[in-house]
Amino acid sequence: DGIAYDRFKTRIIIPIKDANNNTIAFGARAILDGQMPKYINSPESIIYNKSSVLFGLNRAKEAIKENDSVIFMEGYFDVISAQANGVENAVASCGTAMTAEHVKLISRYTKSRRIYLSFDTDNAGINATKRGSQIIKETLSTLGSVKQFDESHISSKEDKYACEIRVISPPQGKDPDEFIRTMGGDAFKMFINEAP
């Protein structure tokens, strides 16, 4: 009928940008009680493919190079809170599980391929951490083995490694967004430094 309607009505709209800072899509979060689904994204298109776009990479890429590491988070607000509070090397997938394309994308920016996983601490987050680790290992397996550590997180030997996978688990079951807003970026960085 040619009737237009607002896809993102009564939602917080988040611009999704590519690595070159071009807006290529939007994410939107529900703000009304009972409004479903909680998140919706722009439909996939020629320029927006969820499996190969990382939210926040446009702002994180320099910090990823400087820190030689990247922090994968679950959602838009996790990344927004992290980057606003000094944890600038954080990115998130856009409403999809981590893919091989995501891993290849961030591998361009970190030489050591030190990858931190910081998902929610609920069952879904634990499963996402396991799946993410598996995807990273499979994607980078041709480059060598995963860097191993002893109980005190000291590296075992200086071989050529494919990557280093660490898991950030703040206490009290808080997701990264809630933890950083409550405790601050410096407190979160302590958990980065001690991440097994």
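Heavy atoms of other residues, nucleotides or ligands lying less than 6.0 angstrom from CZ of R29 number more than 12.
In the hydrophobic clustering of ILVMFWY residues, with side-chain heavy atoms under 4.5 Å counting as a link, L143 and I135 come out together. Y48 and I14 fall within a single hydrophobic cluster, where Ile, Leu, Val, Met, Phe, Trp and Tyr are joined by side-chain heavy atoms under 4.5 Å apart, directly or via other members. Cluster membership for I168 and V103, using ILVMFWY side-chain heavy atoms within less than 4.5 angstrom, is not shared.
Separating the OG atom in S81 from the CD1 atom in I180 is a distance of 6.0 Å, to the nearest 0.5 Å. Atom NZ of K189 is separated from atom CG of N85 by 9.5 Å, given to the nearest 0.5 angstrom. Note that CD1 of I136 and CZ of R131 are 12.5 Å apart. Values are rounded to the nearest 0.5 Å. Between T110 atom OG1 and I115 atom CD1 the span is 7.5 Å, to the nearest 0.5 Å. Separating the OG atom in S42 from the NZ atom in K50 is a distance of 10.0 Å, to the nearest 0.5 Å. To the nearest 0.5 Å, atoms CG (N41) and CZ (F26) are separated by 11.5 Å.
For the pair E66 (side chain) and A63 (backbone), a donor-acceptor distance under 3.5 Å is absent. Side chain of D6 to backbone of F8: a donor-acceptor contact under 3.5 angstrom is found. Using a distance-only test at 3.5 Å, with no hydrogens or angles considered, a donor-acceptor pair links the side chain of Q35 to the main chain of I31. The closest donor-acceptor contact from the side chain of D68 to the backbone of K111 lies under 3.5 Å. Between the side chain of E74 and the backbone N or O of F119 there is no donor-acceptor pair closer than 3.5 Å. Side-chain atoms of Q83 never come within 3.5 Å of backbone atoms of R59 as a donor-acceptor pair (strictly under, hydrogens ignored). With hydrogens and angles ignored, the 3.5 Å screen pairs no side-chain donor or acceptor of H102 with any backbone N or O of L54. With hydrogens and angles ignored, the 3.5 Å screen pairs a side-chain donor or acceptor of R113 with a backbone N or O of A162. Between the side chain of D18 and the main chain of N20, a donor-acceptor pair closer than 3.5 Å is present. Using a distance-only test at 3.5 Å, with no hydrogens or angles considered, a donor-acceptor pair links the side chain of R11 to the main chain of K38.
Looking at S69 and N67, their side chains never bring a donor and an acceptor atom within 3.5 Å of each other.
Proximity of T182 to E178: side-chain heavy atoms (C-beta onward) are separated by under 4.5 Å at one or more points. Contact annotation: the side chain of R108 approaches that of L105 to within less than 4.5 Å [non-hydrogen atoms, C-beta and beyond]. Inter-residue side-chain proximity for P43 and R7 is flagged as met; some heavy-atom pair is nearer than 4.5 Å. Within the 4.5 Å cutoff, no side-chain heavy atoms of Y161 are placed close to those of S112.
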- Message: Assess the residue pair D186 and M190 against the criterion (side chain to side chain contact (heavy atoms under 4.5 Å, CB included)); give the C-alpha distance rounded to whole Å, side-chain angles, the decisive distance to 0.1 Å, and a yes or no.
- Response: CA-CA 7 Å; D186 288 341; M190 285 169 54; over 6 Å; no
- Test log, rule side chain to side chain contact (heavy atoms under 4.5 Å, CB included), inputs I126 and T121: CA-CA 6 Å; I126 291 164; T121 50; 5.9 Å; no
- Task: Would you sort out whether K65 and E62 count as a salt bridge (Lys or Arg N to Asp or Glu O under 4.0 Å), showing the intermediate values?
- Result: CA-CA 5 Å; K65 288 177 192 170; E62 293 308 317; 3.5 Å; yes
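Using cut-offs of 30° and 60° for the angle between ring planes, the F77 and Y39 rings count as tilted.
Annotation for M73 and V79: closest pair SD-N, 4.0 Å, computed over non-hydrogen atoms. Contact between K147 and E164 at its shortest, heavy atoms only, is CD-OE1, 3.4 Å. The nearest pair of heavy atoms linking I16 to G27 is CD1-N, 3.6 Å. Across every non-hydrogen atom of F188 and P176, the tightest pair is CE1-CB, 4.3 Å. Closest non-hydrogen pair, A19 versus Y109, comes out as CB-OH, 3.9 Å. Contact between K17 and V53 at its shortest, heavy atoms only, is O-CG1, 4.4 Å.
For F179 and F191, the gap between ring centers is short of 6.0 Å.
Under the side-chain contact (heavy atoms from CB on, under 4.5 Å) test applied with I71, the options I64, L117, N89, V91 reduce to a single match, N89.
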